[in-house]
There are 2 protein chains.
Amino acid sequence: MEIRELKLHMKIEDEIKQSAFRSEYHKAYINLVYTSGYLEQAQAALFKPFGITLPQYNILRILRGQHPKPATISLLIERMLDKTSNASRIVDKLEAKELVTRKQCPSDRRTVDVLITEKGLELLRQMDGLEGGKGTGITNLTDQEAVQLNALLDKIRD
Amino acid sequence: MEIRELKLHMKIEDEIKQSAFRSEYHKAYINLVYTSGYLEQAQAALFKPFGITLPQYNILRILRGQHPKPATISLLIERMLDKTSNASRIVDKLEAKELVTRKQCPSDRRTVDVLITEKGLELLRQMDGLEGGKGTGITNLTDQEAVQLNALLDKIRD
DNA sequence: GTACATTAAATGTATGTACATATATTTGCA
DNA sequence: TGCAAATATATGTACATACATTTAATGTAC
């Protein structure tokens, strides 16, 4: 694992043992995927002591935003960052940990009311402050550089 | 799915239904993870007709780089972009598709010689050209912007 | 030269994504 | 009204990651 630590302080050319990139685009592409993976890993490490994963955390945050109103699975899917994911199964895990409750909605029996519990709210309170990539390296950027990065990323998805 | 398509043309503020970011850092963090996911999804779509996944493709490329020498699993792990992944099982899948062969190394019977087959080389030949993020949006950047992006990403991981 | 540590690979378990399908319920329209 | 389409959720399968453990082979220290 110390090799891995070392690697984190190298440029992308060194990190990937593949000497030449065809273009800056190609390099940027690899760099982006690589950096994102790096950030996700860093965040997963921050989350580990709290016993939940990033997708579970994202769901909990959406539920806190709704609280004390319940959310349906559809609403969770709509608001989740991570694509058309399986909110149903993530809610399963949260339910098993008693961080949320799930019950059939009376007015539309197809839908399910998902509610964050007091235990869930308390967990989020404990976790407040370590989100947003703090401690993951993103704060190596100046504020202006962060603005610049946002503009570049937006352009990629245009 | 058309909603998803629409979303791809919006800024990150609109894409995530969460009105305010605490800081440009926070926004950049989310933006990075989101954009990377977007690029991976785009690339997965490009790969689908060829019947292999991105990790499988990465392994095949490393093996082509070694060809005609074999590679051990350790070497594959060392060179793979994606963390301490399970190269063993990815090689399983490639072996099942007859794109690689695997046999015990005589000199050190702990290690395994993994070799790309002619079928594997032929597949890579067919796939050459669609790698490097081409067609995934990264080429929306100018060459100079790509350089800028690379510098910013490197700084994050410093 | 035997015991212990290290290394290489494989395997098991939990989690998550992607995609397809199943099931129940509601809506809408003929 | 009644039946088909749409909607909400759940489930099954394939694939991958993360992490821990297992098994076999090799190295090393005494």
Side-chain angles (χ1 to χ4, degrees), chain A residues 1 3-4 33-34 36-59 70-78 80-97 100 102-114, chain B residues 1 3-4 33-34 36-59 70-78 80-97 100 102-114:
Chain A
M1 279 305 115
I3 289 171
R4 171 138 226 101
V33 173
Y34 188 90
S36 169
Y38 161 68
L39 289 175
E40 275 177 23
Q41 221 177 333
Q43 188 159 66
L46 290 178
F47 276 20
K48 210 178 171 187
F50 298 97
I52 61 171
T53 63
L54 184 61
Q56 289 170 12
Y57 173 77
N58 286 332
I59 295 255
T72 61
I73 299 286
S74 304
L75 185 137
L76 295 178
I77 290 172
E78 193 186 312
M80 276 173 70
L81 276 188
D82 301 313
K83 32 243 154 193
T84 61
S85 150
N86 213 326
S88 213
R89 275 181 273 226
I90 298 177
V91 170
D92 284 349
K93 307 293 159 55
L94 293 172
E95 198 179 15
K97 291 170 195 157
V100 308
R102 174 156 51 179
K103 70 167 198 287
Q104 201 179 46
C105 170
S107 66
D108 183 342
R109 282 182 305 174
R110 286 172 305 181
T111 72
V112 167
D113 280 348
V114 185
Chain B
M1 282 303 115
I3 290 172
R4 174 139 223 100
V33 173
Y34 187 89
S36 170
Y38 161 66
L39 289 175
E40 275 177 24
Q41 222 177 335
Q43 187 158 67
L46 291 178
F47 276 20
K48 210 177 171 188
F50 298 97
I52 61 170
T53 63
L54 185 60
Q56 289 171 11
Y57 173 77
N58 286 332
I59 295 253
T72 62
I73 299 286
S74 304
L75 185 137
L76 294 178
I77 290 172
E78 195 187 311
M80 276 173 71
L81 275 188
D82 301 313
K83 30 244 155 196
T84 61
S85 149
N86 213 324
S88 211
R89 275 182 273 226
I90 298 177
V91 169
D92 284 348
K93 306 294 160 56
L94 292 171
E95 198 179 15
K97 291 170 194 156
V100 307
R102 175 157 50 180
K103 71 166 196 288
Q104 202 179 45
C105 171
S107 66
D108 182 343
R109 280 182 306 173
R110 286 173 305 181
T111 72
V112 166
D113 281 347
V114 185

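Within every chain, numbering begins at 1; the chains are lettered A, B, ... in the order of the sequence lines, protein sequences first and strands thereafter.
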| task | May I have the distance from A:Ile52 (atom CD1) to C:dT15 (atom P), rounded to whole angstrom? | result | 13 Å
| request: Provide, to the nearest angstrom, the distance between the NZ atom belonging to A:Lys93 and the P atom belonging to C:dT17. | output: 10 Å
| said: Looking only at the side chain of B:Arg102 (C-beta and beyond, no hydrogens), which of the listed nucleotides C:dA9, C:dC19, C:dA10 gets closest? | reply: C:dA10
| remark: To the nearest angstrom, the CG-C1' distance between A:Leu94 and D:dA10 comes to 16 Å
| said: Under 4.0 Å from OP1 or OP2 of C:dG16: is there any side-chain N or O of A:Gln56 that close? | reply: yes
| request: Let me know, please, whether A:Arg109 or B:Leu75 comes out on the 5' side of the other along DNA chain C by nearest nucleotide. | output: B:Leu75
| query | Touch check for A:Asp108, heavy atoms < 4.0 angstrom, all strands: base, sugar-phosphate only, or nothing? | reply | sugar-phosphate
| Are the side chains of A:Pro55 and A:Arg89 in touch, meaning some heavy atoms are under 4.5 Å apart? | no
| Under a 4.5 Å cut-off applied to non-hydrogen side-chain atoms, are B:Ile52 and B:Lys93 in contact? | no
| task | Please evaluate the base of C:dT7 for a donor-acceptor partner in the side chain of B:Arg110 within a cut-off of under 3.5 Å? | result | yes
| query | If you find the nucleotide of DNA chain D closest to A:Lys48 and the one closest to A:Ile73, which residue's nucleotide is nearer the 5' end? | reply | A:Ile73
| note | Walking DNA chain D from its 5' end, the first of B:Ser107 and A:Thr72 to be reached, judged by nearest nucleotide, is A:Thr72
| task | Taking only the side-chain heavy atoms of B:Asn86 (C-beta and beyond), determine which of D:dT9, D:dT17, C:dT15 contains the nearest atom. | result | D:dT17
| message | Measuring to OP1 and OP2 of D:dT7, would you say a side-chain N or O of A:Ser74 lies under 4.0 angstrom away? | response | no
| said: Nearest whole Å is fine: how far is D:dT9 P from A:Ile59 CD1? | reply: 12 Å
| said: Counting only side-chain heavy atoms from C-beta out, which of C:dA9, C:dG16, D:dC15 sits nearest to B:Ser88? | reply: C:dA9
| note | Closest non-hydrogen atoms of A:Gln104 and A:Arg109, given as atom of the first, atom of the second and distance, are NE2-O, 3.0 Å
| message | From CD1 of A:Ile77 over to P of C:dC19, roughly how many Å is that when rounded to an integer? | response | 14 Å
| field | 4.5 Å side-chain heavy-atom contact, B:Val114 and B:Glu95 | value | no
| message | With a cut-off of less than 4.0 Å, is there a side-chain N or O of B:Arg89 near OP1 or OP2 of D:dC15? | response | no
| request: Quickly work out the B:Glu95 CD to C:dA9 C1' distance and round it to whole Å. | output: 13 Å
| field | Side chain of B:Val112 (C-beta onward), nearest among D:dT9, C:dC19, C:dA10 | value | C:dA10
| Flag side-chain contact, heavy atom, 4.5 Å: A:Ile77 against A:Ile73 | yes
| task | Would you mind reading off the distance between A:Phe47 atom CZ and D:dC19 atom P, rounded to a whole angstrom? | result | 15 Å
| pair B:Ser88-B:Arg102: side-chain heavy atoms closer than 4.5 Å | yes
| Closest to the A:Ile90 side chain: C:dG16, D:dC15, D:dT17? | C:dG16
| task | Could you state the atom-to-atom distance from CZ of B:Phe50 to C1' of D:dC15 in whole Å? | result | 20 Å
